[in-house]
Structures are given as structure tokens and as C-alpha cells.
> 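Structure incoming, see below.
Scope of the values below: all heavy atoms of this structure, side chains included, with no hydrogens, waters or symmetry mates. This structure is a prediction, so every number in the text was calculated from the model and none was measured. Each chain gets a letter, A, B and so on, in the order its sequence line appears, and its residues count up from 1.
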Amino acid sequence: MTTGPRFRFAPSPTGSFHVGGARTALHNWALARRLGGTFVLRIEDTDEARNRPEWTQGIIDALAWIGISADDPHFEGPHFQSEFADAHVEAARRLYEQGDAYYCDLTGEQVQQRAKELGASGYDGYSRDRGLEPGPGRVLRFRVPEGATVVHDLVRGEVSFDNSTIEDFVLLRGNGTPVFLLANVVDDIEMGITHVVRAEEHLPNTPKQQMLWEALGHEPPQWGHVPVLVNEQRKKLSKRRDKVALEQYRAEGYLADAMVNYLMTLGWTPPGAEESGSEIASWAEMEAAFRLHDVTHSPAFFDLKKLAAFNGDYIRAMPIEEFVARAVEELPAEWDRERFAAIAPHIQQRLVVFSEVPALVDFLFWPEGAPVVHDEASWAKAFGPQWAAPLLGDVIDAYAALEDWTADAVKGALEDVMARYELKLGKAQAPVRVATTGRSVGPPLFESLEVLGRDETLRRLRAARERADRAG
RNA sequence: GCCCCCAUCGUCUAGUGGCCUAGGACACCACCCUUUCAAGGUGGCGGCACGGGUUCGAAUCCCGUUGGGGGUGCCA
């Protein structure tokens with residue numbers, strides 16, 4: 001066990017990694033590294049329905065993707081909650097023997113029934129002084145002491161709870177298994193955790209857990225509750241309604257650095273943002289500057305548009321070789337890599353996510369001689385004007401006669417032709433673009449045609465000319 | 001219902017009593033550039049929820065209201 005503060009990240013395996021979890025993991029990671037401490041990964045695997053080995057690997061992979069590497073000396077784990085099963089039972093036994101907990105034979109339904117009759121809000125302490133022994137179906141409940149519990153939170157300061165509003169909560173189920181509240185605390189004690197940084201939804205659990213730490217004879221950890229991430233309805237991001245799987249963003253071609261940078265701006269401002277007019281910051285900068293004290297107190301909307309903007313920025317900032325290497329992953333196997341590399345510099349600044357790559361350049365990879373499928377709206381617009389078809393004819397002649405097939409030459413030839421029609425380039429390029437790419441938007445035309453090659457360009461141009469003539 | 005948290009442009013935020021006629025980013029709009037679309041440049045729109053205090057002075061401190069959120073399980 002290392003010295004220094006010990007942070008923990010304790011996800012339960014569910015088959016996908018939540019972006020909100022990613023953010024708290026990042027917070028813990030930044031703190032653990034900056035303070036020379038340890039980031040402990042503990043998988044909360046006690047719910048048997050959620051225990052699958054591949055899910056654990058999924059968590060490790062997701063963490064690694066956002067830079068939290070299991071190979072880093074500050075990383076410890078994975079540990080599993082199930083490792084501490086004996087300690088959970090032992091802690092419960094101790095609490096019972098100390099008189100800090102007692103058994104109760106009421107079922108959940110009976111508790112509700114009583115509360116209803118009494119007009120109380122929850123369990124009323126019915127078995128507190130009944131001296132019940134352990135037994136099947138009997139739950140162990142914590143005897144909440146009188147007074148108040150004050151939680152010192154690194155994000156929000158002092159939060160105080162009147163203990164009379166906290167019911168005697170369950171520690172051990174009727175079947176003897178521990179509930180989250182107990183297991184979580186015992187795990188943290190066993191692992192020597194000093195800092196519990198997690199989402200705000202756990203704040204109401206905190207006084208209960210703090211009492212448990214104290215009853216078990218330990219000084220409670222430093223707490224830090226960061227605000228939750230919400231959707232446009234301002235509800236907590238949920239797996240059911242919202243796109244929350246980190247894996248999905250990764251698959252769509254979001255860059256890990258962009259995701260990390262964006263996530264960190266939620267509830268916190270990276271250093272230098274004000275002066276530079278940019279929230280783009282490296283992990284090293286953010287790690288060095290991150291303080292829980294500076295984290296905002298209110299929920300943050302997870303904004304896809306802003307994430308996209310970050311991603312576009314990061315894509316544009318990539319060295320071209322790196323960009324090509326990443327973009328190529330999106331291409332069908334049969335597409336020529338060299339041909340793609342030739343056009344790559346022209347699409348880099350037009351991307352938001354990498355999954356858009358194939359659709360941007362597909363016209364360069366259609367099988368030789370295949371008919372161009374024209375987008376009809378684009379065709380109608382480009383070939384609406386009277387001059388379009390004749391101009392296309394002249395362009396064909398000019399291209400056929402061209403000595404060099406370079407972007408500059410191709411552009412020059414079109415300019416010569418369009419001058420006779422008294423057209424501007426913006427207009428004149430339209431029929432050529434639609435004829436060769438099928439669409440009215442795309443990468444720069446002449447560079448594209450250079451890559452396409454003279455023969456294929458001419459073939460597509462002639463096919464379009466024929467179609468235009470046929471239409472009259 | 002009860003407990004807790006929160007409240008600055010549409011969104012993310014800067015702001016910790018005077019530097020604020022409230023700054024930045026994303027989005028949006030306009031213009032410039034231009035080979036379509038982007039990118040880039042310039043400019044614009046737009047906010048301290050409300051009401052009381054405290055103070056010479058409040059976005060900043062206190063109280064209340066309203067509004068949002070979270071929790072309230074023998075889930076985690």
C-alpha cells in the first residue's frame with residue numbers, strides 16, 4: 001500500500017461506462033496524481049445480476065481510453081467488493097455487539113404499513129428496544145444516535161443533517177447479505193481510503209456512512225460531492241433516456257482527449273481559459289490545476305453540440321499523419337489508402353467526428369465505370385440554368401485537351417471556359433461538382449478531381465452531359 | 001409528504017463587497033474571406049429568478065419566496 005491520499009472509484013459493472021462516471025473518475029484521477037496518492041478501482045460486484053468478467057474488462061478499457069491507465073503507478077486495482085464479504089459480516093456483527101445495531105423482524109411491507117398508520121415518514125424504530133436475536137428474515141438496522149451529523153464536504157462546505165430525520169437504516173438484509181451503505185463503508189475502511197469523491201446523488205447517503213465510519217471506530221474520509229450531469233430536461237443523465245455510454249462516443253469517432261477536455265469543463269474551468277479565450281487545455285494542465293474547491297455546485301447539462309465543437313477542434317489540431325492514420329480506420333477495407341491520403345488534408349477541417357469520413361470521400365472510391373448517382377435536388381439546382389449543359393460540354397473538351405492533370409490546371413481550364421459564359425467560379429463549379437461527385441457539397445473540387453484522375457472525371461462528365469441532353 | 005442540494009446569457013462557466021455600464025466558451029445571427037461545404041476573421045444578440053434586509057456600496061453576505069434537482073429500497 002502506498003503512502004499519500006487514497007482516492008477510489010467504485011463503479012458497478014453494467015456493460016457500459018457512463019459519461020458521468022467518466023467525469024468523476026477523471027476528478028479522482030487528477031487529484032490522486034497531483035497529490036502523489038493512489039487511484040483505487042473497486043468494482044462493486046456484489047449484486048449477482050451484475051457480475052460478468054467482461055464487464056470488468058470493459059470498465060478497465062474505458063478508463064484506459066480516457067487516460068486512466070492501469071499501468072500507471074498511481075493506479076491500484078481492480079479490486080472487487082466481493083473480496084471483502086467477510087469483513088462486511090464481521091463489521092455488522094461488531095455493530096450489533098456494540099449495541100449500534102439491532103435486529104428487526106418487520107418486513108418492508110409491514111414497515112410501510114406502520115408508517116402509514118403512524119403518519120411517519122419511514123421506519124419508526126419499532127424494534128429498537130425489543131432485544132431481538134439474529135434470525136432468518138430479520139434485518140439488522142443501525143441505531144441512529146440523537147443529535148446531528150455534520151458532513152464536511154470539499155466541494156460544498158458544511159452540510160448538516162438532523163439525525164431525527166434519518167431512519168434506522170438497514171445494514172444486513174433478511175438473508176444476511178450486506179446492503180450498499182455498509183459494504184461501501186467497510187470496503188473503504190479496509191482499503192484505507194482517505195478521500196471519497198463521487199456524484200452529488202450520494203450526498204444524502206453521506207451522513208449515514210459517516211456515522212458508520214465513526215461507529216466502526218474510524219475517522220471518516222474527506223468527502224467531495226460533485227454535481228450531477230443532466231439532460232436537456234434537467235434530469236440526471238440516465239441510461240434509458242440518454243446517450244451516456246462512453247463506448248458509443250468512442251465508436252462514433254470522438255477523440256479521447258476531446259472527451260476528457262469537455263468533461264472537465266462541466267462544473268469547472270480549465271486554467272487560462274479566460275485569458276486565452278479558449279477552454280482547450282491539456283490533461284497535464286488540468287491535472288495540475290484541478291481543485292474540488294473550485295467545482296461548481298449546480299448540475300451541468302451534457303451538451304452534445306459543445307462536445308462536437310471540442311472534437312472538431314481536436315481533429316483540426318492533429319498532425320496530418322496522425323489524422324490519416326485515425327481516419328483510415330473508418331474506411332472500408334477495399335478503399336485505396338494512398339488515394340485517401342491524397343484527399344485527407346482537405347477534409348480534416350470539415351469533420352466533427354471520424355464516423356463522417358467515408359460519406360465525405362466515397363465518390364473517390366466508386367468502382368471504375370460505375371454510374372454516378374446524382375442527388376436529385378443537387379442536380380436540379382446545378383443543371384437548372386440554361387448554360388449548364390453547354391458549359392459542361394466545353395469543360396469536357398478542355399479537360400480532354402489538358403496537358404497536366406493537376407488541381408491548378410483543372411481549375412484554370414474551368415476558369416477559361418466559364419469566362420466565355422461570364423460566370424463566377426462559385427456558380428460554374430456546380431455542374432462539374434454534381435456531375436463528378438453526385439452532390440452539391442463536398443471537399444474542394446479541383447483537388448478532388450486531381451485525385452479522381454482524368455479518365456474517370458471525363459467519363460462522369462460525359463455521362464452527366466448525356467443525361468442533361470436527354471432532359472433537353 | 002419528509003430530508004438535502006442548487007439558482008449569472010439558450011448552454012457550460014468567470015466572478016468570493018467596490019476593478020462589473022457582469023468577462024469568456026459553445027450555440028445562434030450578420031458581414032468578410034472563399035471553389036461548394038467547412039475552417040478562419042470581425043461584429044452582434046443575449047444573463048445576475050423574485051422580494052426583503054445588512055452596508056457608504058451587493059451578482060457577491062443574511063432571511064424569505066419561487067423555481068429546479070437529488071434522496072427518501074431488505075438497488076448501487
> Tell me whether the side-chain N or O atoms of A:Gln349 pair up with the base of B:rA38 as donor and acceptor below 3.5 Å, since no angle test is needed here.
yes

> Holding to side-chain contact (heavy atoms from CB on, under 4.5 Å), I want the full list of residues that pass it with A:Lys236, two or more places apart in sequence or in another chain.
A:Glu201, A:Val228

> I need the CZ-P distance between A:Arg173 and B:rG73, as an integer number of Å.
14 Å

> Is a side-chain donor-acceptor pair under 3.5 Å present for A:Thr177 with A:Asn175?
yes

> To the side chain of A:Asp313, which of B:rU35, B:rG40, B:rA27 is closest?
B:rG40

> Across all strands, who's sitting opposite B:rC2 as a Watson-Crick or G-U wobble pair, both distances under 3.5 Å?
B:rG71

> Assign A:Thr265 to base, sugar-phosphate, or nothing according to its heavy-atom contacts below 4.0 angstrom with the strands shown.
sugar-phosphate

> Return whichever of A:Glu447 or A:Arg141 has its heavy-atom-nearest nucleotide of RNA chain B closer to the 5' end.
A:Glu447

> Looking across every strand, which nucleic acid part, if any, lies under 4.0 Å from A:Tyr262 by heavy atom: base, sugar-phosphate, or nothing?
nothing

> Just by distance, with hydrogens left out, do A:Trp223 and A:Gln209 show a side-chain donor and acceptor under 3.5 Å apart?
no

> Hey, can you pull the residues of residues 408-426 of chain A with a non-hydrogen atom under 4.0 angstrom from RNA chain B?
A:Lys411, A:Leu425, A:Gly426

> In this structure, how many angstroms lie between the C1' atom of B:rA27 and the CD atom of A:Glu279, rounded?
13 Å

> Roughly, in whole Å, what's the span from CG in A:Leu118 to C1' in B:rG1?
15 Å

> Could you check if a side-chain atom of A:Ile166 sits within less than 4.5 angstrom of a side-chain atom of A:Asn163, using non-hydrogen atoms only?
yes

> Rounded to the nearest Å, what distance is computed from the CD1 atom of residue A:Ile166 to the P atom of nucleotide B:rG73?
13 Å

> Examine the side chains of A:Gln113 and A:Glu117 and answer whether a donor and an acceptor come within less than 3.5 Å of each other.
yes

> Regarding A:Pro443, tell me which of base, sugar-phosphate or nothing describes its non-hydrogen contacts under 4.0 Å with the strands shown.
base

> Touch check for A:Thr107, heavy atoms < 4.0 angstrom, all strands: base, sugar-phosphate only, or nothing?
base

> Is the backbone N or O of A:Asp257 less than 3.5 Å from a side-chain atom of A:Asn261, with the two atoms forming a donor-acceptor pair by type?
no

> Check each residue of residues 203-214 of chain A for a non-hydrogen atom within less than 4.0 Å of any atom in RNA chain B, then write out the ones that pass by number, or none.
A:Leu203, A:Pro204, A:Asn205

> Is there a side-chain contact between A:Leu364 and A:Phe340, using heavy atoms and a 4.5 Å cut-off?
no

> Please walk me through it: do A:His346 and A:Phe446 pass ring-ring contact (aromatic ring centres under 6.0 Å, His included)?
CA-CA 11 Å; A:His346 302 290; A:Phe446 310 113; over 10 Å; no

> Among residues at least two apart in sequence or on other chains, which ones pass salt bridge (Lys or Arg N to Asp or Glu O under 4.0 Å) with A:Glu422?
none

> Rounding to a whole Å, what distance do you find between A:His225:NE2 and B:rA76:C1'?
13 Å

> Does A:Phe301 reach a base, just sugar-phosphate, or nothing at all? Heavy atoms under 4.0 Å.
sugar-phosphate

> Does any donor-acceptor pair link the side chain of A:Lys306 with the base of B:rA27 at a separation under 3.5 Å?
no

> Indicate, with a heavy-atom threshold strictly under 4.0 Å, whether A:Leu445 touches base, sugar-phosphate, or nothing.
base

> Name the closest nucleotide to the A:Glu167 side chain, picking from B:rC26, B:rA76, B:rG73.
B:rG73

> In whole angstroms, how far is the P atom of B:rU34 from the NE2 atom of A:His346?
18 Å

> Is there side-chain contact between A:Phe310 and A:Leu255, with at least one heavy-atom pair below 4.5 Å?
no

> Is the closest side-chain heavy-atom distance between A:Val179 and A:Phe169 below 4.5 Å?
no

> For nucleotides 61-69 of chain B, give me one character per nucleotide, 5' to 3': B if any protein heavy atom sits under 4.0 Å from the base, S if the only such contacts are to the sugar-phosphate, - if neither.
--------S

> Which part of the nucleic acid does A:Leu140 contact within heavy-atom distance under 4.0 Å: base, sugar-phosphate only, or nothing?
nothing

> Just how far, in rounded Å, is P of B:rA39 from CZ of A:Phe323?
14 Å

> Give one of base, sugar-phosphate or nothing for A:Gly267, where a contact means two heavy atoms less than 4.0 Å apart.
sugar-phosphate

> Heavy atoms only, 4.0 Å cut-off, all strands: where does A:Glu232 land among base, sugar-phosphate and nothing?
nothing

> Sequence neighbours left out, what passes ring-ring contact (aromatic ring centres under 6.0 Å, His included) with A:Tyr314? Give chain and number order.
none

> Which listed nucleotide (B:rU36, B:rA76, B:rU13) is nearest to the side chain of A:Pro444?
B:rU36

> Just checking, is any N or O donor in the side chain of A:Tyr249 or A:Asn311 under 3.5 Å from an acceptor N or O on the other one?
no

> According to a strict under-4.0 Å criterion, is A:Arg316 in side-chain N/O contact with OP1 or OP2 of B:rA38?
no

> Regarding A:Gly277, tell me which of base, sugar-phosphate or nothing describes its non-hydrogen contacts under 4.0 Å with the strands shown.
sugar-phosphate

> Say whether, by atom type as modelled, one donor and one acceptor occur between the side chain of A:Arg143 and the main chain of A:Arg128 under 3.5 angstrom.
yes

> With sugar-phosphate meaning primed atoms plus P, OP1 and OP2, does A:Arg439 contact a base, only sugar-phosphate, or nothing at under 4.0 Å between heavy atoms?
nothing

> Base, sugar-phosphate, or nothing for A:Val170, non-hydrogen atoms under 4.0 angstrom?
sugar-phosphate

> In this structure, how many angstroms lie between the P atom of B:rG73 and the CG atom of A:Leu172, rounded?
18 Å

> OP1 or OP2 of B:rC6 versus the side-chain N and O atoms of A:His297: is any pair under 4.0 Å?
yes

> Applying the Watson-Crick and G-U wobble criteria at under 3.5 Å, what pairs with B:rC26? Answer none if nothing qualifies.
B:rG10

> Please work out if A:Glu201 contacts a base, only the sugar-phosphate, or nothing of the nucleic acid, heavy-atom cut-off 4.0 Å.
sugar-phosphate

